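Right, one structure below, let's go through it.
Computed from a prediction, not measured in an experiment: that's the story for all the values here. The first residue of the sequence shown is numbered 1, and numbering continues consecutively from there. All ligand and atom numbering here is 1-based and tracks the order in the structure.
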Amino acid sequence: MSAQREMKEKNPWHKPLTIIITVIGVIAIVALVTVAGLQNRPVFQKYKYGIVLDAGSSHTALYIYKWPAEKDNNTGRIEQKHSCKVKGKGISSYAAVPEKAGTSLTECMQEAEMQVPAWRHQETPLYLGATAGMRLLNMENKVASDKVFEAVEKALQRFPFSYQGARILSGQEEGAFGWVTVNYLDDRLKQGLQTTGALDLGGASTQISFVPHEYDISESPSNAVAFQLYGNYYNLYTHSFLCYGKDQALRMALAHQTRSGPIAISDPCFHPDYSVTRNYNTLYDSPCVSERKPKVAPLNFTHTGEGNFLQCQEVIRSLFNFKSCKYSKCSFNGIFQPPVQGSFGAFSAYYFVMNFLNLTDGSMSLETITNYVANYCSTPWDQIKKVYPDINEKYLAEYCFSGTYILTLLTEGYNFNTETFSKIKFIKEIKGSDAGWTLGYMLNLTNMIPAETKDSPPLPHAGYVSIVTVIVLLLFILVTLFILSFRSIWPKCSKEPQIV
Ligand SMILES: Nc1ncnc2c1ncn2[C@@H]1O[C@H](COP(=O)(O)OP(=O)(O)O)[C@@H](O)[C@H]1O
Ligand SMILES: [Ca+2]
């Protein structure tokens, strides 16, 4: 009986200290598991945001991007949350009334205030990038261009976001960021896959960007952009042709046809029976054509259509200079370009035009597409208006020119042939985000694409590390105490039966 009591007394499970140690131990383990669980739980609701305004030559668009907040460390996938088309024309059109360039942005900015949760406003970066319209205004009238930027800055700074500045992108940046966007959205960069080229057609400029097969950068260093993204190296070829966006190209085509200052022209790039009066001063009011203005010309000219694809191609060919090339290969105007390589994504006006013409189905051959555009051009204007009563007449009248321009630029300008043309996809968006330079621009400015890959899991933050360390230390001490208290009783315990 006494031996039994003695054994009971010596049994560590009957000591209050042991019980306390055990209880604390269990609490510590539960705390550790809870903290780790909470820390590593995906926080679906928490996003961070970024806003980019694309101030294009024809219009401005606002894009809101979002990414998971807990994956801030460059690993979260960024997607477009919302876009807003600013009413009216591009900011460069407000050269004479700069304040209006600022106020034009108000509506979309207010929309952005609603779209981004209020508690994130202050930390949400806001960028404005202007492209070829402002490049041209800057060349033509620097004072006016500065005033437009002043007005735009003032307007944007009134909003509660973290304003990061407004500037003109270089053509090289515009091309390279478009390429980054397309390849980021396609998940090609992270996985180190073969990249896709990017073709962007704007109103005032156009860009071509791709990774060539064999690329001697030294031939034309100004066309080369080197990237290190997620540990992969890329040597990108890019070029932006100012004045070769579709609106300025149309001006150049009209300038070519009115170079002698006639009172009327019959234009093969417009539908038969199409007829409008155009003003000479308005037509030649752009640095892309101003130097070619005829010395003697009436105030207006009559612009009628003829609807002849082949002759339209002739006119468009005259906009390109194929003669001089001091490199191994050129596109046009003496610009170096290696042979096109791999698949391409063609967006912006490439998409708008080809989508209107129903030519975005990838299975169509270059020949089929060409025949379709030729047939479309020869359709009388009245008939076109009847078939498409809801389409904006300015766009509608220009699809024949635009379609012919796109085909000529791609095949004769950039040297796509029947085979390589079939690798061009006309796209508006990829996985819900618009194709364009804005996402690439923001990824770059927020350092969201790391140069190196990080294979190790993201580091838990300091608080998490300290809590886990304290709990682990506590557990270690408890286990040690536990073992010590057992060791003090075990030898005696084992001898008990011999005594009995
Ligand atoms: N629905 C549409 N149909 C045809 N063209 C369109 C449509 N929407 C936009 N565009 C054209 O897309 C082009 C966009 O160019 P933009 O980005 O404004 O100029 P840039 O990039 O040269 O600064 C313009 O030529 C505009 O007219
Ligand atoms: Ca553009």
Side-chain angles (χ1 to χ4, degrees), residues 52-63 83-94 101 104-105 128-140 145 148 166-179 181-182 198-209 238-253 269 286-288 345-360 373 376 384 388 390-406 409 426-429 434-441:
V52 187
L53 283 148
D54 171 356
S57 64
S58 68
H59 78 283
T60 302
L62 176 147
Y63 297 95
S83 72
C84 175
K85 207 175 156 191
V86 170
K87 283 197 192 115
K89 292 186 176 181
I91 57 169
S92 55
S93 70
Y94 297 102
S104 74
L105 308 177
L128 181 141
T131 49
M134 286 303 286
R135 255 174 242 146
L136 290 174
L137 179 63
N138 193 263
M139 280 166 55
E140 204 183 10
S145 136
V148 167
R167 56 181 281 263
I168 299 179
L169 266 74
S170 68
Q172 205 186 44
E173 287 176 306
E174 195 180 358
F177 292 137
W179 179 88
T181 300
V182 168
L199 294 161
D200 181 352
L201 180 62
S205 77
T206 188
Q207 289 72 238
I208 176 167
S209 315
T238 185
H239 190 79
S240 174
F241 289 91
L242 190 60
C243 295
Y244 287 81
K246 77 174 172 67
D247 303 331
Q248 292 299 328
L250 174 58
R251 258 183 215 267
M252 293 197 287
C269 301
S286 152
C288 298
F347 46 87
S348 193
Y350 280 117
Y351 175 81
F352 297 132
V353 173
M354 297 307 255
N355 182 53
F356 169 81
L357 297 169
N358 253 328
L359 300 173
T360 52
V373 175
Y376 176 78
I384 294 286
Y388 306 100
D390 302 328
I391 307 272
N392 171 333
E393 264 200 30
K394 182 191 134 42
Y395 284 147
L396 194 59
E398 293 176 6
Y399 283 124
C400 163
F401 168 82
S402 307
T404 314
Y405 178 65
I406 285 174
L409 174 67
F426 296 93
I427 50 165
K428 183 183 188 301
E429 51 175 45
D434 283 35
W437 57 265
T438 49
L439 176 56
Y441 188 64

Heavy atom of [X] under 4.0 Å from ligand 1?
X	answer
Val353	no
Gly245	no
Phe356	no
Ser205	yes
Met134	no

What is the closest protein heavy atom to [atom], and at what distance does it sit?
atom	value
atom 22 (O) of ligand 1	Ala204 N, 2.8 Å
atom 15 (O) of ligand 1	Gly203 N, 2.9 Å
atom 19 (O) of ligand 1	Ser57 OG, 2.8 Å
atom 10 (N) of ligand 1	Phe352 CD1, 3.5 Å
atom 14 (C) of ligand 1	Ser58 OG, 3.6 Å

Within the 4.5 Å heavy-atom criterion, are [X] and [Y] side-chain neighbours or not?
X	Y	answer
Leu136	Cys288	yes
Asp54	Tyr63	yes
Tyr350	Thr206	yes
Phe347	Val182	yes

Taking 4.0 angstrom as the limit and counting only heavy atoms of [X], give me the atoms of ligand 1 inside it, by number and element.
X	value
Gly56	18 (O), 23 (O)
Ala349	12 (O), 13 (C)
Glu174	21 (O)
Ala132	22 (O), 23 (O)

Report the distance from atom [atom1] of [X] to atom [atom2] of [Y], rounding to the nearest 0.5 Å.
X	Y	atom1	atom2	result
Trp179	Asp200	CH2	CG	15.5 Å
Ile208	Tyr244	CD1	OH	15.0 Å
Lys246	Tyr399	NZ	OH	7.0 Å

Could you say whether the N/O atoms of [X] and ligand 1 ever approach to under 3.5 Å?
X	result
Asp247	yes
Thr131	yes
Leu201	no

**Report entry** Residues in side-chain hydrogen bond (donor to acceptor under 3.5 Å, both in side chains) contact with Tyr441, at least two apart in sequence or another chain
**Finding:**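 With sequence neighbours excluded, Tyr441 shows a side-chain hydrogen bond (donor to acceptor under 3.5 Å, both in side chains) to Arg167, given in chain and number order.
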Query - Exercise: do Ser209 and Gln207 side chains pair donor with acceptor under 3.5 Å - result: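 Side-chain D/A pair, Ser209 to Gln207: absent.
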Query - Option with minimal heavy-atom separation from atom 4 (C) of ligand 1, where the choices are Tyr244, Tyr399, Tyr350 - result: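 Of the listed residues, Tyr399 has the closest heavy atom.
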Requested in this report: Can you figure out which of Gln248, His59, Glu398, Lys246 has its heavy atom closest to atom 11 (C) of ligand 1?
Outcome: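 Residue with the shortest heavy-atom distance to the ligand atom: Lys246.
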Requested in this report: Give the intermediate values and the outcome of side-chain contact (heavy atoms from CB on, under 4.5 Å) for residues Arg135 and Ser240.
Outcome: CA-CA 12 Å; Arg135 255 174 242 146; Ser240 174; 3.9 Å; yes
Query raised in the report: Under the ring pair (Phe, Tyr, Trp, His ring centres under 6.0 Å) criterion, do Tyr395 and Phe356 qualify, and how do the steps go?
Result: CA-CA 10 Å; Tyr395 284 147; Phe356 169 81; 9.5 Å; no
Query raised in the report: Going through the checks in order, is the disulfide (SG to SG under 2.5 Å) test met by Cys400 and Cys269?
Result: CA-CA 6 Å; Cys400 163; Cys269 301; over 6 Å; no
